[in-house]
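Just below is one structure, and these are the notes that go with it.
The figures that follow rest on heavy atoms only: side chains count, while hydrogens, waters and symmetry mates do not. We name chains A, B, ... by the order of the sequence lines, and we start the count at 1 in each one.
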Amino acid sequence: MEYNFREIEKKWQQYWKDNKTFKTYNPTDPEYATSHSGRRGGAPYYVLDMFPYPSGAGLHVGHPLGYIASDIFARYKRLKGFNVLHPMGYDSFGLPAEQYAIQTGQHPEITTKTNIARYREQLDKIGFSFDWSREVRTSDPNYYKWTQWIFIQLFNSWYNKKTNKAENISTLIELFETIGFKGTEDDILTGDLEIYHDGFTVNEWNDFSEATKEQVLQQFRLAYLSDTMVNWCPQLGTVLANEEVKDGVSERGGYPVERKLMKQWSLRITAYADRLLNDLEDIDWTESIKEAQRNWIGKSEGTSLKFKVENQKSKEGMDGEAFIEVFTTRPDTVFGVSFVTLAPEHELVTKITTPAQKKEVEEYVTFAKNRSERERMADVKKITGVFTGAYAIHPFTCKQVPVWIGDYVLAGYGTGAVMAVPAHDSRDFAFAKHFGLDILQVILPPSPLEKGLGDEAFEAKEGTVINSGFLDGLEVKRAIKEAIAVIEEEDLGKGKTNYRLRDAIFGRQRYWGEPIPVYYKDGIPHVLNESELPLILPEVDKYLPTETGEPPLARAKDWKYTPLSGSPHRGEGFDYEYSTMPGWAGSSWYYLRYMDAHNDKEFVSKEAVNYWKNVNLYMGGAEHATGHLLYVRFWTKFLYDLGLIPVIEPAKKLINQGMIQGMSAFVYRLPPLFMWGRDNDKEKYKLPFIFLSKSLNEKLNKKILNLIEIETIKTIAINEFKKLNPHIKEVFSFDLSSCSALHTDVNIVNNNVLDQESFKNWREEYKNAIFITEENGDYICGSEVEKMSKSKWNVVSPDAMVEQYGADCLRLYEMFLGPLELSKPWNTNGITGVSTFIRKLWRLYHNGDVVNIGNEAATKSELKTLHKTIKKITEDIERFSFNTSVSNFMICVNELTEQKCNKREILEPLAIIIAPYSPHIAEELWNILGHTESITYAAFPECKEEYLVESSFNYPISFNGKTRFFQEYERSLPKEQVEKEVLALEQTQKYLEGKIPKKVIVVPNKIVNIVV
RNA sequence: GCGGAUGUGGCGUAAUUGGCAGCCGCGCCAGACUUAGGAUCUGGUGCCGAAAGGCGUGGGGGUUCGAGUCCCUUCAUCCGCACCA
């Protein structure tokens, strides 16, 4: 009996479901003690996949790649005795369901439910060992209740720089009530303050109105409301976070994005910038992700420095006290400053511009402001700017330096002003060259430059400082320190750290997201009481903004906040916040919820989170590098600060599986207008569909078709044309130049060979398609690697693969494809090899149709095969090298087949070690071996080294590093003896050709190398 | 421009610490069986060469008895960031 995967896989999937095989218990669960994990007392191990957004298209073969790998690992850890948490859920709020709702009027919840059901069905077919009892959906009120709860905690917290952690806002109010606030210079200020606040005394604070107090507190809350420049996307009708914008257009949909000032909820992630950066050191994530996060955070250390603006006696508004504050990381080059540049948006621009320059400056500022982000990015190389007419005084040389405006200076970074050092900064250099400004060299490079300083800036942080007064002769790094010291001493500025990271905009003007649990009283935002959660997403008549441009939630009827009885606002109805949370809100803490998914008292219990702690292995795509993975780290640190969880990082280890690209298939159609008859009205013709096989098309393109081939094609084409158009008596012209390549459905192509019958049935117009094939009658398609997408007809769904080859085969094959992290095109060319392997494995346990397991002792070589495999597989799994384990299984089965091994002593452990990879067949074989329980909680066999040791070693004997022949010696034979024996060999003498060896290297049990 | 990753047969890939380059699979070639198939099994298959032998891990150089692996340099492809002072 051949292995019947269809029946067997279904059977075990049902068994797992019926027996709740993968249900995981926390030690506090009553069932824990009697569960497998409880009995074995295994340590907790948490394997998590980044959860999917359930899109309408369903899964394609790329999605399961990571899931299969993590499932193998989870199953392996169970076999090793761990209590494994391996959950799955859905990131079910999001734009596509809402866009669909706008088009069809269908509630996004319905779409989402349907899509989730389809995902579930697809996932189940692949045999994953998820504990579905812990499933979460971010759009479920029982889940988003706690997302809202965390938002309230953020609102009620500020970041205390002294204790370096988030604290309740009450400790800040206490400070205001006891010592007041010194304003912008106060070192309790943190992060990305959009509006600087003046200082105030204790008395002033106490006299502030509630509204003013709240306004002040908004400067400190970790969730706060402020007027912020946002990325507004008109087509999507919402703001987007920085990482949702790529190259000036929205990541989803590719719509233009513009900058707009809006009142917005933001999260003060910048307060955590330093910790987000430093803690990267201690987590085992890929270097590329860490680097992407470092880039995104963009820490740079330097100093601020004030340039006095020269008093212009003639003009009003200039009181002689104006300063331009710049930020620089290169204070060592301060003597090289030859001008100062302001961002067009800089507040001093209007103040300092001289009357003579006024018109020009105003024109320029308008021009710069109206350039969209996209334009600005598109022509980075274009240098624009204008002179203000004003001069600043160099703080050390006291010389005049002109003040310019240039849009290469960003308003949002640093102070929005730079001290320009053209000799040592390429942007300043380009600007100076363009406008003919001075270039002063102040750094002597350590080695002579290839190009002179006249051609490009010398930017490296190395060399010796020259022409620089008190800095002369210092090495660059020393000079930076010295310069900062002097700047601080003379009160010209302060050592300072800047981050590229901006606060995260948290509001979205959309419907399908978590409502922000806030209401407004007298324009002041208040958060809901925790007991009032969840704030349920209300029903609306349309999923569109209101006529007045308010978000969809403003459409909800009678949706007002009425406080709980006993509260001062009784009987009133207040407006809720109408924007909803962004897609990443729910995913920023979901890993915690899985630990305690049904808790209705807390977001996660202390016991549960102290037991599971954080994710041991996190699997997901690299596209979340600066989005989700940064936010989930931020929330984790925040919850840690509040003492709610014991960990500062969400995941100890992170693996990014590679992307599976599509392999598109092409057919080559002869040009439809290659011929015509007497009457040149093509409406009267029916044109045949004639396709040239790949090699003929290539020859055609290279114009190397031979006469016979050309004749054949012509004859076929003309005959077909005549057949279709009997009214045309004569075909006059025939133009055979090039074919058009058409995408064809990859599901009817096998190893580039087109299934011609299926192709004819694929589309009505191809019913009578004619194929001009290769000599063997095959039609060979062309192929190209492209993104997997519906429109390219290259989507391969896992269902089709499971249907044809089975889930085990799909699992093994996806792993066999290559290293997990590598991106590769999906290509089923090799799947038959894996399929054959599974059948071979099955046959090992059978003789013909009957089960054939022997109970006699295994031979030495059988044991060696087994233990060698155990060792390899263990090593492979531990280093996530799943592709190599598949080949090792193949080697093992090939060897055992050769040995005609049917011994239980071998076949039983073999079933266990292969179970994580192909669990269905493993369960069946385990059953055949007489076990009544699932193989899931069997014990992974240990490798016994004694079966692997050989008494002798077959030495490769090499001459000058080239292996010439082999010679076997006892492993214990000493080095000297090996050398002696090798030199005495007849073969050695042959290769020595009478020469005397210069040197003989013997590496015991490795190699012998003779140097001649 | 900066950063990250990857370059090995016709293809996907493999090679603990520097120690037999090409495991395993696909494809291809030959053969067996045959109910002729997209089935199964056996053997072969890096390149050049009739062979002996030579050449081979993107290119060039180096260290070493010995380099796919270490160092320098260079090229190509992919990804991320990008007037971030």
Can you name the atoms? Protein N/O to nucleotides 64-73 of chain B N/O, anything below 3.5 Å, with the distance.
residue	atom	partner	partner atom	Å
B/rC65	O2'	A/Asn1009	ND2	3.1
B/rC65	O2	A/Asn1009	ND2	2.7

Please list, pair by pair, any protein nitrogen or oxygen found under 3.5 Å from a nitrogen or oxygen in nucleotides 3-7 of chain B.
residue	atom	partner	partner atom	Å
B/rG3	O2'	A/Glu291	OE2	3.4

Are there any protein N/O atoms within less than 3.5 Å of an N/O atom in nucleotides 40-47 of chain B, and if so, which ones and at what distance?
residue	atom	partner	partner atom	Å
B/rU40	OP1	A/Arg839	NH2	2.5

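Side-chain proximity of A/Asn829 to the nucleotides B/rC26, B/rC81, B/rC20 is greatest for B/rC26. Residue A/Glu875 has its side chain nearest to B/rU16 when only B/rG54, B/rU16, B/rC20 are considered. For A/Phe816, the listed nucleotide lying nearest its side chain is B/rG25; candidates were B/rG38, B/rC20, B/rG25. The side chain of A/Thr328 sits closest to B/rA85 out of B/rA82, B/rA85, B/rA21.
Residue contacts shown for A/Pro819 are limited to sugar-phosphate atoms, with no base heavy atom under 4.0 Å away. Looking at heavy-atom distances under 4.0 Å, A/Asn883 makes contact with sugar-phosphate atoms alone, never a base. A/Phe966 comes within 4.0 angstrom of a nucleotide base, judged by non-hydrogen atoms across all strands. Residue A/Asn894 is in sugar-phosphate contact alone, with no base atom involved, counting any heavy-atom pair closer than 4.0 Å across all strands shown.
Using a 4.0 Å cut-off between a side-chain N of Lys or Arg and a carboxylate O of Asp or Glu, A/Glu287 and A/Arg294 qualify as a salt bridge. Salt bridge present: A/Glu803 and A/Arg6 bring a charged side-chain N and a carboxylate O closer than 4.0 Å.
For A/Glu878, the CD atom is densely surrounded, since the number of other residues' heavy atoms within 6.0 Å is greater than 12.
Between the CG atom of A/Asn827 and the P atom of B/rG12 there is a distance of 9 Å, rounded to whole Å. Atom CG of A/Leu501 and atom P of B/rC81 are 14 Å apart (whole Å). Between A/Ile838 atom CD1 and B/rA39 atom C1' there is a gap of 17 Å when expressed in whole angstrom units. A/Ile831 places its CD1 atom 13 Å from the C1' atom of B/rG12, with the value rounded to the nearest Å. Protein atom CZ of A/Arg964 is 12 Å distant from nucleotide atom P of B/rA52, rounded to whole Å. Atom-to-atom, CG of A/Leu410 to C1' of B/rC81 comes out at 14 Å; the value is rounded to the nearest Å. For the pair A/Tyr408 OH and B/rA85 P, the interatomic distance rounds to 13 Å; values are reported in whole Å.
Atoms CD and CG, on A/Glu301 and A/Asn498 in that order, are 10.5 Å from each other to the nearest 0.5 Å.
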#### Entry: Test side-chain contact (heavy atoms from CB on, under 4.5 Å) applied to A/Leu629 and A/Gln293, step by step
CA-CA 9 Å; A/Leu629 288 173; A/Gln293 295 214 344; 3.5 Å; yes

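Between the side chains of A/Tyr499 and A/Thr270, not a single donor N or O lies within less than 3.5 Å of an accepting N or O. In summary, the side chains of A/Thr865 and A/Glu895 do present a donor paired with an acceptor at a separation below 3.5 Å, with no hydrogens or angles considered.
Shown here are the side-chain contact (heavy atoms from CB on, under 4.5 Å) partners of A/Glu976, two or more places apart in sequence or in another chain: A/Pro974. Remark: A/Ser881 engages A/Asp876, A/Arg879, A/Asn883, A/Thr884 in a side-chain contact (heavy atoms from CB on, under 4.5 Å) (not counting sequence neighbours).
A/Trp842 and A/Tyr3 have tilted rings, their planes meeting at an angle from 30° to 60° on a 0 to 90° scale.
For the P atom pair drawn from B/rG27 and B/rC71, the interatomic distance equals 39 Å after rounding to whole Å. Taking atom C1' on both B/rU69 and B/rU63, the two are 14 Å apart, rounded to the nearest angstrom. Here the separation of B/rU57 from B/rC20, taken at their C1' atoms, is 15 Å to the nearest Å. Nucleotides B/rG68 and B/rG19, compared at atom C1', are 13 Å apart to the nearest Å. For the C1' atom pair drawn from B/rG9 and B/rC70, the interatomic distance equals 26 Å after rounding to whole Å. For the C1' atoms, the distance from B/rA32 to B/rG37 is 16 Å, rounded to whole Å. To the nearest whole angstrom, the two P atoms, one in B/rG60 and one in B/rC65, are 23 Å apart. A distance of about 39 Å separates the C1' atoms of B/rG80 and B/rG66, rounded to the whole Å.
Judged purely by atom type and a 3.5 angstrom limit, A/Tyr813 has no side-chain atom pairing as donor or acceptor with the backbone of A/Gly833. One N or O on the side chain of A/Tyr955 and one on the backbone of A/Asn1005 form a donor-acceptor pair closer than 3.5 Å. Using modelled atom types, one side-chain atom of A/Ser823 and one backbone atom of A/Met659 make a donor-acceptor pair closer than 3.5 Å.
Mapping A/Ser887 and A/Thr884 onto RNA chain B via the closest heavy atom, the residue that lands nearer the 5' end is A/Thr884. Where A/Tyr413 and A/Ala292 meet RNA chain B, the nucleotide closest to each residue was compared, and A/Ala292 sits on the side nearer the 5' end.
Screening residues 811-835 of chain A for salt bridge (Lys or Arg N to Asp or Glu O under 4.0 Å), with sequence neighbours left out, gives A/Asp71-A/Arg811.
Base orientation of B/rG10: anti, since the glycosidic angle falls outside 90° of 0.
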